[in-house]
Amino acid sequence: MNSLVQDGRKAAERVGLKSDTIVINGGRPLRGTIDVRGAKNLVTKAMVASLLGDTTSTLRDVPDISDVHVVASLLEIHGVKITGSAATGVLQLDPANVASAKSAEIDALSGSSRIPILFCGPLLHRLGHAFIPDLGGCRIGDRPIDFHLDALRAFGAVVDKLPSGINITAPNGLRGANIELPYPSVGATEQVLLTGVRAMGTTELKNAAIEPEIMDLIAVLQKMGAIISVEPNRTILIEGVESLEGYNHRALFDRNEAASWASAALATGGSIFTTGAKQSEMMTFLNVFRKIGGAFDIEEEGIRFYHPGGDLKPVVIETDVHPGFMTDWQQPLIVALTQAHGTSIVHETVYENRFGFVDALVKMGANVEVHKDGLADPNRRVPRRPLEQAAVITGPTKLHGAELEVPDLRGGFSHLIAALTADGRSSVSNVGLIARGYGDFVGKLEKLGADFYFAE
Ligand code: EPU
């Protein structure tokens, strides 16, 4: 069994999926209402932040996704007592007895999430050392951690790379630092926040990421007693404090999940009300959705995304850091673009390998060409990037059913949408990987009237 399938199986088990393959009879518009809970990319970090408090934290709107189960297990083996459940959406995290975990226990969870790297700062503050196993996460390029390790060193940590993982100590404690990131990395910004809040003195972080999930993490840390200010020009100032309390927080909604279901509504010609979605964090997506010919109603309770009839139009997109168009939005939207009349171009500038999923679309009849070295396009809003690749999608093309294997989280959701859009039957295997980041996607497909069943 390859490691991708192993990861998928583990993720499926964690959330209790019946099997790892579903068979979909496509061609039906998805219609109905679904709940969007807290963002995977905030909830998992807020859970780690609980390690920094002296008292219990309460996190609400937690999604029942495999990444939350992985982080919960990692926290538990470090002595955090967790009550409540992802199923009910509320977790209480009590860090009173934080202790070192055995490396074998950490190892057993390794390969399934990249979050362990964010345990470093909190564990260094609590215990004086941290061990980080091999990092997993989606296979969407090399995804190095050099910015994280450089930031930790700037705080005074000593980093030892071992064959089994990374051992980090802080023999002289952690002191505030002046750090400038080479790129506004989401994870490295979180690393600096989670480490700087209790480091001695002031930390200045330049070229920080300012995604809404980062702002929500700052809100969590402020509730805990931290002093953090977001200054103009991507600069964050942190004044270290001696101690922090637990927090009580309702997580920001998952804008990646909302955009994914929006793309499913557009591709299948349906209408989906995403309860909990909000306009302000999705403005960039909403503009593109409208330009393609999709429609939306913004209501107090959420956003309805629908296909209003008529032809979809092509679009040119460049993924970017916030407030640009998120890299996580491009995969689901590309499926809808296969149904637009004309040629669309998606420039991926954040990751070096995030178009692997399009092979499956091509197999289903889509016309998509990937340019691994990007395209020379004089009308670019952002300059060409070193990592850049481009996908050129010409539509509309009818999609037909096929056998698909989920390659990663967002690519996997795109496969689901493609199978739901296609005429005929598709079988989608390794759907456990989708459970890494989409809470109750099976129940939601049922609610939206999808015609599917689990393979034996
Ligand atoms: N990078 C480095 N060195 C580092 C860190 C990052 O070169 O030390 C590079 C990466 O290789 C990548 C770029 O910087 O090319 C951006 O990476 P970033 O650190 O911003 O991303 P991340 O923190 O690893 C988070 C989300 C991703 C999301 C990105 C961008 C989590 C757990 N993951 O990743 O989410 O795509 O930010 O917004 O928060 C997903 O949800 O499917 C997903 C992949």
Side-chain angles (χ1 to χ4, degrees), residues 7 11 38-49 63 65-68 70-71 74 112-120 132 135-154 159 166 179-194 205 207-217 234 251-252 254-260 281 284-285 319-332 348-354 356-357 385-389 406-414 433-439 441:
D7 279 2
K40 162 176 93 67
N41 294 347
L42 171 273
V43 166
T44 45
K45 326 301 171 59
M47 289 171 72
V48 177
I65 55 175
S66 150
D67 275 16
V68 162
V70 170
V71 179
L74 278 166
S112 43
S113 164
R114 284 174 54 82
I115 304 293
I117 187 75
L118 294 178
F119 277 59
C120 291
I132 307 303
L135 293 174
C138 280
R139 285 160 179 74
I140 49 177
D142 266 354
R143 302 191 76 185
I145 52 167
D146 48 339
F147 306 162
H148 294 252
L149 299 182
D150 287 347
L152 287 163
R153 288 189 190 102
V159 176
I166 301 167
I179 299 167
E180 178 161 2
L181 294 178
Y183 178 85
S185 149
V186 168
T189 299
E190 292 159 346
Q191 181 74 262
V192 173
L193 287 168
L194 291 167
L205 175 64
N207 207 22
I210 50 166
E211 267 61 9
E213 292 77 14
I214 301 252
M215 294 301 134
D216 210 37
L217 180 63
R234 295 190 174 276
L252 173 75
D254 197 318
R255 63 202 175 109
N256 293 341
E257 186 185 5
S260 299
E281 287 80 9
T284 308
F285 179 84
T319 65
D320 209 337
V321 293
H322 187 76
F325 191 90
M326 278 202 84
T327 166
D328 304 280
W329 294 336
Q330 57 93 345
Q331 297 96 325
E348 169 60 49
T349 77
V350 179
Y351 288 113
E352 72 234 54
N353 184 16
R354 223 178 184 185
F357 73 100
R385 305 284 171 82
L387 293 183
E388 187 166 331
Q389 298 197 330
V406 167
D408 61 64
L409 170 62
R410 306 289 166 202
F413 198 85
S414 306
L433 286 186
I434 299 174
R436 280 197 45 225
Y438 291 91
F441 72 92

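Residues: numbered from 1 along the sequence shown. When a ligand or atom number is given, it counts from 1 through the structure's own listing order. Side chains included, hydrogens not; waters and symmetry mates left out as well; all remaining heavy atoms used.
- Side chains of Ile210 and Pro184 form no contact here, defined as non-hydrogen atoms less than 4.5 Å apart.
- One N or O on the side chain of Glu211 and one on the backbone of His322 form a donor-acceptor pair closer than 3.5 Å.
- Which of Ala39, Ala188, Pro144, Gly324 comes nearest to atom 10 (C) of ligand 1 through a heavy atom is settled by distance: it is Pro144.
- At least one donor-acceptor pair closer than 3.5 Å links the side chain of Asn207 to the backbone N or O of Leu181.
- Atoms of ligand 1 lying under 4.0 Å from any heavy atom of Arg354, numbered from 1 in the order shown and given with element: 36 (O), 40 (C), 42 (O), 43 (C), 44 (C).
- Below 3.5 Å of separation, one finds an N or O of Ser185 facing an N or O of ligand 1.
- Taking the six-membered ring for Trp and thresholds of 30 and 60 degrees, Tyr438 and Phe413 have nearly parallel ring planes, at less than 30 degrees apart.
- Listed by number with element, the atoms of ligand 1 under 4.0 Å from a non-hydrogen atom of Met326 are 38 (O).
- Per-residue contacts place Tyr351 under 4.0 angstrom from the following atoms of ligand 1 (heavy atoms of the residue considered): 12 (C), 15 (O), 21 (O), 22 (P), 24 (O), 27 (C), 28 (C), 29 (C), 34 (O), 36 (O).
- Of the possible donor and acceptor atoms, one in the side chain of Thr349 sits under 3.5 Å from a partner among the backbone N and O of Thr319.
- With a heavy-atom cut-off of 4.0 Å, Lys40 touches ligand 1 through its side chain alone.
- Below 4.0 Å from some heavy atom of Leu387 lie the following atoms of ligand 1, by number and element: 15 (O).
- Asp254 places a side-chain N or O within 3.5 Å of a backbone atom of Lys40 that can act as its donor or acceptor partner.
- With respect to the salt-bridge test (charged N to carboxylate O, under 4.0 angstrom), the residues Arg255 and Glu213 qualify.
- Ligand 1 lies nowhere less than 4.0 angstrom from a heavy atom belonging to Glu348.
- For the residues Ile115, Val186, Val350, Thr327, the heavy atom positioned nearest atom 20 (O) of ligand 1 is part of Val186.
- The shortest heavy-atom distance from Lys45 to ligand 1 is under 4.0 Å.
- In this structure Glu281 satisfies the salt bridge (Lys or Arg N to Asp or Glu O under 4.0 Å) test with no other residue, sequence neighbours excluded.
- Among the atoms of Tyr183, none of the N or O lies under 3.5 angstrom from an N or O of ligand 1.
- Proximity to Asn41 (heavy-atom distance under 4.0 Å) selects the following atoms of ligand 1: 26 (C), 27 (C), 31 (C), 32 (C), 33 (N), 35 (O), 39 (O), 41 (O).
- The residues Asp328 and Arg354 are annotated as salt-bridged, a charged nitrogen and a carboxylate oxygen being separated by less than 4.0 angstrom.
- Between Asp408 atom CG and Asp7 atom CG the span is 11.5 Å, to the nearest 0.5 Å.
- For ligand 1, the atoms lying closer than 4.0 Å to a non-hydrogen atom of Gly187 are 19 (O), 23 (O).
- Residue Leu409 has at least one heavy-atom neighbour below 4.0 Å for each of these atoms of ligand 1: 42 (O).
- If you number the atoms of ligand 1 from 1 as listed, the ones under 4.0 Å from a heavy atom of His148 come out as 8 (O).
- Between Arg410 and ligand 1, at least one pair of N/O atoms sits closer than 3.5 Å.
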